[in-house]
Amino acid sequence: MLNDHHLDQLAQQHYLRLDGFFPVELYSALRKKARALVENDEMERAGIGSGAQFEMNKRIRGDEVFWLNRQDEDPVIQHFWKWIQDLSDQLNRAFFLGIRDAEFHFAHYPKGAYYRPHFDQFKDRNNRLISFILYMNDQWQSGHGGELVIHNKSEKIVVEPLGNRVAMFRSDAVLHEVLEAHQPRLSLTGWFTSQPLGLGFLT
Ligand code: OGA
Ligand code: MN
């Protein structure tokens, strides 16, 4: 899954980029699923609140999401969870991270959506350890926007959201943002967590 070079990079830079991470059939099936969710209008506004809070959220992030269920019997989703389980085991063996669970959602950034700079650990919930994003934009070209920008120490790393590209980083240590998307942008985003989330996963 990850080789020693990848693990070193993640340890030293707190960040890792990988191309062609998933087998093509699995990647294509996941992308097809994401596209269907958008077409059928099944995604929901992320971090939604009401009234003033809704307006504030919209200024911070404009994506919509669909959370994956552990119990989903779709073989594509089951296959994906199997990969995530294996990846989790590998990360725990390499870093003694104490990953005990994971949560994932598909994400769709409509034209004009962005996500302002942030860390992935919530202030009141100190449980996200590693962030993982699979990009699904096969036709992405420069000018389409929606790049991930990582503000790592003094460097700024720009990651184009290309098809079957994965970005991983330490959820607590890496400040990052998503630049405005000028074309619809699809991803599958998740977090390996230190607390069991009660979803029947891992531990
Ligand atoms: C997030 C996030 C980055 C990306 O959902 O928290 O930062 O590139 N996503 O989609
Ligand atoms: Mn984030």
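Just follow the structure's listing: the first ligand is 1, and inside any ligand the first atom is 1.
Put simply, the residue from Val159, Val166, Leu162, Leu186 that forms a side-chain contact (heavy atoms from CB on, under 4.5 Å) with Tyr135 is Val159.
Looking at every heavy atom in both residues, Ala34 comes nearest to Met136 through CB-SD, 4.1 Å.
Seen from the ring of Tyr109, Arg185 counts as a face-on cation partner, given the 6.0 Å and 45° thresholds. In this structure, Arg116 satisfies the cation-pi test against Tyr114, with its NZ or CZ atom closer than 6.0 Å to the six-membered ring centre and inside 45 degrees of the ring normal.
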For a side-chain contact (heavy atoms from CB on, under 4.5 Å) check, start with the C-alpha distance between Tyr27 and Asp138, then their side-chain angles and the critical distance, and finish with the verdict. CA-CA 11 Å; Tyr27 164 68; Asp138 291 353; 2.5 Å; yes

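Partners of Leu26 under the side chain to side chain contact (heavy atoms under 4.5 Å, CB included) rule, at least two apart in sequence or in another chain, are Phe22, Pro23, Leu30, Val76, His79, Trp83.
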Please tabulate, for side-chain N and O atoms in residues 141-151, each donor-acceptor pair with protein atoms closer than 3.5 Å (sequence neighbours left out).
residue : atom : partner : partner atom : Å
His144  : ND1  : Gln141  : N            : 3.3
His151  : NE2  : Glu177  : OE2          : 2.9

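Around ligand 1 you find Tyr115, His118, Asp120, Ile133, Tyr135, Leu148, His176, Val178, Arg185, Thr189, Trp191, each with a heavy-atom distance below 4.0 Å.
Side chain to side chain, Asp8 and His5 fail the donor-acceptor criterion of an N or O pair below 3.5 Å.
Protein N/O/S atoms closer than 2.8 Å to the Mn ion (ligand 2), listed by chain and residue number, are His118 NE2, Asp120 OD1, His176 NE2.
Checked for salt-bridge contact, Arg93 and Asp89 miss the test: no charged N lies under 4.0 Å from a carboxylate O.
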